[in-house]
2 protein chains.
Amino acid sequence: MTQRMNTEARREQIASAALDVLAERGSEGFNIADLAERVGLVPSAVYRHFEGREDVLDAALDLFRDRVYRLVDAVRSEAENPLMALELLLTRHAKLIESGGAAPHIMASMNVPGGRAARRSKREKIFMGYVARVEAVIRDGQESGQVRSDVDPATAALLFAGMIQPAALLRHSEGERFDITAHVARVWDLFRRAVARD
Amino acid sequence: MTQRMNTEARREQIASAALDVLAERGSEGFNIADLAERVGLVPSAVYRHFEGREDVLDAALDLFRDRVYRLVDAVRSEAENPLMALELLLTRHAKLIESGGAAPHIMASMNVPGGRAARRSKREKIFMGYVARVEAVIRDGQESGQVRSDVDPATAALLFAGMIQPAALLRHSEGERFDITAHVARVWDLFRRAVARD
DNA sequence: TTATGATGTGAATATAGATTCACTTGAGGA
DNA sequence: TCCTCAAGTGAATCTATATTCACATCATAA
């Protein structure tokens with residue numbers, strides 16, 4: 001039999017694996033059998049720790065939210081100033097995309113309708129929460145004088161979010177051929193010119 | 001019985017309805033029963049005109065591609081200059097989003113993994129084709145001197161695509177509260193500043 | 001007007017995947 | 001050491017959809 005685990009640890013492990021599946025196949029291709037196999041369990045064992053499929057997806061989204069929000073908070077405190085925080089955030093996203101990490105793909109799949117109403121609403125909240133955090137960084141930038149005061153922070157935040165999604169797609173589609181680091185550097189120049197003072 | 005139609009007309013009608021369903025529910029929630037009901041048919045009748053579910057989705061994507069590409073070609077010939085063409089394109093997308101039209105949502109769902117490999121690859125091709133067309137407009141802009149020559153057209157095209165998707169999500173999530181026309185005007189200012197000469 | 005093929009229908013059938021359940025097993029406290 | 005319960009298993013179910021099929025009906029061309 002598989003190594004036993006207490007349910008708290010197992011839940012986290014399963015939620016994390018669920019995030020991976022979501023990144024690779026999207027919620028359409030997400031199924032319990034796959035998920036169970038990844039953590040070395042039999043499908044029915046998943047039900048020891050979760051109510052059902054929706055519950056697993058819910059937990060995966062919670063985990064995703066925590067990771068992404070933490071990422072924004074991290075760059076905010078690490079970077080010297082707001083613009084550098086955004087640049088660092090963009091770079092981190094690129095690295096996650098490059099490593100096949102879950103986050104960016106989920107972010108992309110976030111935009112899609114479908115799924116139970118409750119789950120969709122949750123995805124939307126997460127996305128909006130992310131945008132709100134980026135928006136806060138931009139406001140900081142305005143206060144410190146780095147960002148033009150005639151820029152609408154919410155609009156700029158949305159544009160920032162929009163830089164990441166297409167990159168994730170191209171990486172997925174073109175694979176190695178697409179140099180995401182170089183792309184991110186170029187698109188950052190554009191963004192900077194759009195929002196920075198001067 | 002339902003009004004009869006020859007299979008060519010019926011195929012188009014079904015593909016168009018499929019696009020609507022896709023826009024509302026995503027490919028996850030897409031099912032033959034729903035689709036059939038929309039065109040006033042019984043599920044099994046769909047199989048008179050399509051091989052099966054995948055075939056319908058394939059036709060819907062073809063239709064989507066034609067519509068979107070035509071949209072880009074249209075603004076290109078209607079507008080006086082490349083930058084105005086892009087602005088018009090953005091406005092048209094906004095209108096489609098506002099009217100609940102299919103295109104933008106599908107564009108969003110385009111980024112999601114999942115679905116049969118063949119279908120995913122098709123989605124990716126369509127997206128890249130769209131970006132390539134926008135890229136061509138930007139190159140025009142560089143030749144006419146409207147767009148800075150140090151802007152990488154492919155990068156700018158991707159950024160342009162990135163302006164649309166988050167807007168579609170917010171419209172979907174916030175509904176009436178989100179004034180998409182105003183948003184698009186603001187984000188266009190940012191984009192213009194990033195790429196326009198001066 | 002009638003024969004024929006294309007469309008449409010409703011009732012099966014097929015299948016994938018989620019979920020349940022009775023049973024097993026291992027780890028930790030009495 | 002032995003008990004007990006949480007965690008794991010495999011074999012059923014259950015369910016939602018896709019898909020097939022035999023039959024009905026309309027349009028039209030001879």
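Numbered from 1 within each chain, the chains take letters A, B, ... in sequence-line order.
- Computed from coordinates, the A:Asp55 CG to C:dA18 P distance equals 14 Å when rounded to whole Å.
- With sequence neighbours left out, B:Arg148 forms a salt bridge (charged side-chain N to carboxylate O under 4.0 Å, His left out) with B:Asp150.
- Rounded to a whole Å, the CD atom of A:Gln3 is 13 Å from the P atom of D:dA7.
- Between D:dA7 and A:Thr2, no contact under 4.0 Å exists linking OP1 or OP2 to a side-chain N or O.
- Residue pairs that meet the ring pair (Phe, Tyr, Trp, His ring centres under 6.0 Å) test with at least one member in residues 178-198 of chain B, sequence neighbours left out, are B:Phe160-B:Phe191, B:Phe178-B:His183, B:Trp188-B:Phe191.
- Phosphate proximity of D:dA18 to B:Arg53: present, with a side-chain N or O under 4.0 Å from OP1 or OP2.
- Put simply, CD on A:Glu28 is 11 Å from P on C:dG17, counting in whole angstrom units.
- Computed from coordinates, the B:Ile32 CD1 to C:dA16 P distance equals 17 Å when rounded to whole Å.
- Remark: P of D:dA18 and CD of B:Glu51 are 16 Å apart, rounded to the nearest angstrom.
- When rounded to the nearest whole Å, the span between CZ of A:Phe30 and P of C:dT19 equals 10 Å.
- One can place CZ of B:Arg4 at 11 Å from P of C:dA6, the figure rounded to the nearest angstrom.
- Among pairs with a residue in residues 13-41 of chain B, none fulfils ring pair (Phe, Tyr, Trp, His ring centres under 6.0 Å), at least two apart in sequence or across chains.
- For residues 164-180 of chain B, every residue pair satisfying the salt bridge (Lys or Arg N to Asp or Glu O under 4.0 Å) rule, not counting sequence neighbours, is listed here: B:Arg171-B:Glu176.
- Rounding to whole angstrom units, CD of residue A:Glu54 and P of C:dG17 are separated by 16 Å.
- Scored by the salt bridge (charged side-chain N to carboxylate O under 4.0 Å, His left out) test, B:Asp66 finds no partners at all (sequence neighbours excluded).
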Sequence neighbours left out, cut at 3.5 Å: what donor-acceptor pairs do the side chains of residues 68-77 of chain B make with other protein atoms?
from: B:Tyr69; atom 1: OH; to: B:Ile126; atom 2: O; distance (Å): 2.9
from: B:Asp73; atom 1: OD1; to: B:Arg133; atom 2: NH1; distance (Å): 3.3
from: B:Asp73; atom 1: OD2; to: B:Arg133; atom 2: NH1; distance (Å): 3.2
from: B:Arg76; atom 1: NE; to: B:Asp140; atom 2: OD2; distance (Å): 3.4
from: B:Arg76; atom 1: NH2; to: B:Asp140; atom 2: OD2; distance (Å): 2.9
from: B:Ser77; atom 1: OG; to: B:Ala74; atom 2: O; distance (Å): 3.1

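- Annotation: proximity of residues 5-14 of chain B to DNA chain C (heavy atom, distance under 4.0 Å) is found for B:Met5, B:Asn6, B:Thr7, B:Arg10, numbered in ascending order.
- A heavy atom lying under 4.0 Å from DNA chain C marks the following residues of residues 38-50 of chain A, by number: A:Ser44, A:Tyr47, A:Arg48.
- For the pair A:Ser16 (side chain) and A:Glu12 (backbone), a donor-acceptor distance under 3.5 Å is absent.
- Atom-to-atom distance recorded for B:Leu89:CG and B:Met163:CE is 8.5 Å, nearest 0.5 angstrom.
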Would you mind writing out the side-chain donor-acceptor pairs for residues 40-52 of chain A within the sub-3.5 Å range, not counting sequence neighbours?
from: A:His49; atom 1: ND1; to: A:Thr7; atom 2: OG1; distance (Å): 2.5

